[in-house]
2 protein chains.
Amino acid sequence: MPENDLSPATRGRKRDPERDAAILEATIDLLAEVGYDGLSTAKVADRAQAGKGTMYRRWPTKTDLVLDAVAHMKAQQIDLEALPDTGSLRGDLLALFQPQDSAQVDRILRAMAGVVSMISQVHGLAETGDYSIFEPWIAANSVLMERARTRGEISSTADVALAAQIIPSMAAYRALILRVAIDRDLLLRLVDQVVLPALSDGPVNLASS
Amino acid sequence: MPENDLSPATRGRKRDPERDAAILEATIDLLAEVGYDGLSTAKVADRAQAGKGTMYRRWPTKTDLVLDAVAHMKAQQIDLEALPDTGSLRGDLLALFQPQDSAQVDRILRAMAGVVSMISQVHGLAETGDYSIFEPWIAANSVLMERARTRGEISSTADVALAAQIIPSMAAYRALILRVAIDRDLLLRLVDQVVLPALSDGPVNLASS
DNA sequence: CCAATACGATACTACATGGTTCCGGAACGC
DNA sequence: GCGTTCCGGAACCATGTAGTATCGTATTGG
């Protein structure tokens with residue numbers, strides 16, 4: 001009797017993992033350029049210098065391919081184990097958004113815009129949230145802020161869950177609607193005039209007329 | 001000589017303006033449900049109980065139709081001439097986002113998500129910004145905040161341009177990515193813990209250890 | 001060396017869809 | 001009434017594309 005009909009194919013030529021990477025990268029490129037629907041499997045294959053058979057051997061469907069490409073992109077993002085630690089929350093936040101290569105960030109945000117169109121069409125995708133690039137950024141913000149709280153740097157009652165969403169949501173708005181990335185000037189204003197005040201203890205100092 | 005080859009057709013049956021509205025409404029519905037690419041002209045005609053001829057007599061192309069539908073939706077939005085005036089900025093902000101029927105807001109935000117996919121594919125659209133539903137909300141925020149400033153209610157040096165973007169950008173993030181609208185609890189937290197502190201004079205009261 | 005599997009390339013199928021055209025009928029102005 | 005323009009409906013066409021199949025070649029293990 002055959003051990004297993006689905007034996008992992010020990011014989012024959014092996015799959016080239018480099019092809020996986022090339023196809024996923026080409027997918028992200030096109031996602032950023034033309035969106036989910038503008039992306040055709042033929043174009044992906046063409047750009048990756050791959051045959052469509054090679055693609056469909058790995059991903060049974062265009063949707064699977066794009067989802068995996070997004071996961072791939074996400075994995076290259078922020079490493080929650082290696083967050084900046086400058087001693088102050090302000091320094092940490094600036095450092096977190098600092099090092100990103102501008103062109104690379106732009107590509108990622110545009111790809112994210114491409115994903116938005118997929119959510120409308122692929123049923124049951126909105127519920128998982130797996131596709132969001134912004135979620136790890138929010139998580140990173142939370143970690144930095146919680147650390148600042150244990151240092152006593154911010155209010156013990158600060159709404160960290162909310163504050164951690166401010167910068168990422170602004171980034172999302174600009175990326176998806178305005179099609180522009182956050183620049184350093186805006187980042188400074190956000191940190192100093194919005195995020196830090198929101199976390200501080202200070203009573204809202206409305207003019208007491 | 002003919003007065004004008006394109007004379008507005010004084011003879012014959014007149015166009016039914018109700019058809020315009022029905023078609024635009026159907027377009028927005030579908031835009032919210034399936035996105036720009038999931039939207040087919042046949043589906044729009046079907047839902048509006050209209051013939052495709054009736055549609056193409058008005059809009060030469062699917063893109064024109066969708067853009068006009070978005071403009072139509074935008075026109076039904078915030079009236080900058082009739083902003084709330086409760087006496088306090090806090091009251092004004094809460095009133096601004098208050099009256100919206102939740103289901104209606106949800107529909108609008110989902111439609112906006114559908115528009116995002118169009119931006120990737122229709123050339124030269126991202127530059128105009130005409131499509132953004134959020135921009136009038138930002139403008140309304142700015143007006144309310146400037147009024148508060150002239151009342152001396154907030155700091156004279158407050159960064160209104162930035163603060164006015166906070167709530168709308170959060171709404172955009174939630175609508176486009178999370179697919180959820182802003183509820184009253186979140187609105188309260190945003191106003192009291194983020195927006196108002198950002199506009200206040202108070203020095204950032206970081207714990208002086 | 002050989003069977004099995006991978007690869008890029010290309011041809012092919014099945015189907016959806018944007019846009020046009022035509023129909024029979026209804027509303028309008030003259 | 002009579003021609004013109006509108007209406008909903010449906011047929012029609014050209015194009016694009018997801019997914020499959022095939023071909024000749026390159027790698028692998030036995």
Side-chain angles (χ1 to χ4, degrees), chain A residues 2-24 26-27 30-31 34-69 117-118 120-123, chain B residues 2-27 30-31 33-69 114 117-118 121-123:
Chain A
E3 308 130 349
N4 190 347
D5 277 3
L6 305 175
S7 60
T10 170
R11 290 188 300 269
R13 180 173 173 174
K14 289 179 176 167
R15 285 195 191 171
D16 183 356
E18 197 281 334
R19 301 324 292 142
D20 294 60
I23 293 170
L24 292 175
T27 302
L30 286 169
L31 197 59
V34 295
Y36 175 73
D37 300 273
L39 178 155
S40 74
T41 57
K43 279 188 238 174
V44 173
D46 189 45
R47 182 168 306 209
Q49 288 277 99
K52 291 177 69 176
T54 303
M55 290 171 49
Y56 277 93
R57 191 176 296 116
R58 290 163 164 78
W59 300 279
T61 215
K62 173 181 163 179
T63 302
D64 291 281
L65 168 62
V66 174
L67 284 178
D68 206 25
S117 58
M118 181 170 47
S120 300
Q121 294 183 50
V122 180
H123 177 65
Chain B
E3 308 129 350
N4 190 345
D5 276 3
L6 305 175
S7 61
T10 170
R11 290 188 299 269
R13 180 175 175 176
K14 290 180 176 167
R15 282 195 193 172
D16 182 356
E18 198 281 333
R19 301 323 294 141
D20 294 61
I23 293 170
L24 291 176
E25 286 296 319
T27 303
L30 285 169
L31 197 58
E33 289 174 20
V34 296
Y36 174 73
D37 299 273
L39 178 154
S40 73
T41 58
K43 278 188 241 174
V44 172
D46 190 45
R47 179 167 308 208
Q49 289 277 101
K52 292 176 70 176
T54 303
M55 291 172 46
Y56 277 94
R57 191 176 297 116
R58 289 162 164 78
W59 299 278
T61 215
K62 173 181 163 180
T63 303
D64 291 281
L65 168 63
V66 174
L67 284 178
D68 205 26
S117 58
M118 182 170 47
Q121 293 182 50
V122 181
H123 176 66

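The figures here come from the full heavy-atom set of this structure, side chains too, leaving out hydrogens, waters and symmetry mates. Residue numbering restarts at 1 for every chain, and letters A, B, ... go by the order of the sequence lines.
At the phosphate of D/dG8, OP1 or OP2 sits under 4.0 Å from a side-chain N or O atom of B/R19. At D/dG30, none of the side-chain N or O atoms of A/R11 fall inside 4.0 Å of OP1 or OP2 (strictly under the cut-off).
With sequence neighbours left out, A/R13 forms a side-chain hydrogen bond (donor to acceptor under 3.5 Å, both in side chains) with no residue at all. Taking the side-chain hydrogen bond (donor to acceptor under 3.5 Å, both in side chains) definition, one finds that B/S117 meets it with nothing, sequence neighbours left out.
Of all non-hydrogen atoms in A/V44 and A/A26, the two that sit nearest each other are O-CB, 4.0 Å.
Near DNA chain D, defined here as any heavy-atom distance below 4.0 Å, the residues from residues 60-69 of chain A are A/T61, A/K62, listed numerically. At a non-hydrogen distance threshold of 4.0 Å, A/L39, A/S40, A/T41 from residues 35-51 of chain A come into contact with DNA chain D.
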Listed pairs, N/O of protein and of nucleotides 22-25 of chain D, under 3.5 Å:
none

Restricting both atoms to N or O, compile the protein contacts to nucleotides 11-16 of chain C shorter than 3.5 Å, with distance only.
none

Donor-acceptor pairs are to be reported for all side-chain atoms of residues 56-66 of chain B against protein atoms at under 3.5 Å, with residues two or more places apart or in another chain.
| residue | atom | partner | partner atom | Å |
| --- | --- | --- | --- | --- |
| B/R58 | NE | B/D20 | OD1 | 2.8 |
| B/R58 | NE | B/D20 | OD2 | 3.3 |
| B/R58 | NH1 | B/T54 | O | 3.2 |
| B/R58 | NH2 | B/D16 | O | 3.3 |
| B/R58 | NH2 | B/D20 | OD1 | 3.1 |
| B/W59 | NE1 | B/D68 | OD2 | 2.8 |
| B/K62 | NZ | B/Y36 | O | 3.1 |
| B/K62 | NZ | B/L39 | O | 2.8 |
| B/T63 | OG1 | B/Y36 | OH | 2.9 |

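Comparing atom distances between the B/Y56 side chain and each of C/dG18, D/dT28, D/dG8 picks out C/dG18 as nearest. Candidate nucleotides D/dC7, C/dA6, C/dG29 were compared by shortest atom distance to the side chain of B/K14, and C/dG29 ranks first.
Rounding to the nearest 0.5 angstrom, the gap separating the CG atom in B/L31 from the OG1 atom in B/T27 is 8.0 Å. Atoms CG and CE, from A/L24 and A/M55 in turn, are 9.5 Å apart once rounded to the nearest 0.5 Å.
With rounding to whole Å, B/M55 atom CE is found 16 Å from D/dC6 atom P. The distance between atom CZ of A/R58 and atom C1' of D/dT20, rounded to the nearest whole Å, is 17 Å. Atom CG in A/D20 sits roughly 12 Å away from atom C1' in C/dA6 (whole-Å rounding).
Residue pairs meeting the side chain to side chain donor-acceptor pair (under 3.5 Å) criterion with at least one partner in residues 37-46 of chain A, sequence neighbours excluded, are A/D37-A/Q121.
The closest donor-acceptor contact from the side chain of A/R19 to the backbone of A/A48 lies under 3.5 Å.
Contact annotation for A/R57: base contact, defined as any heavy-atom pair under 4.0 Å involving a base atom.
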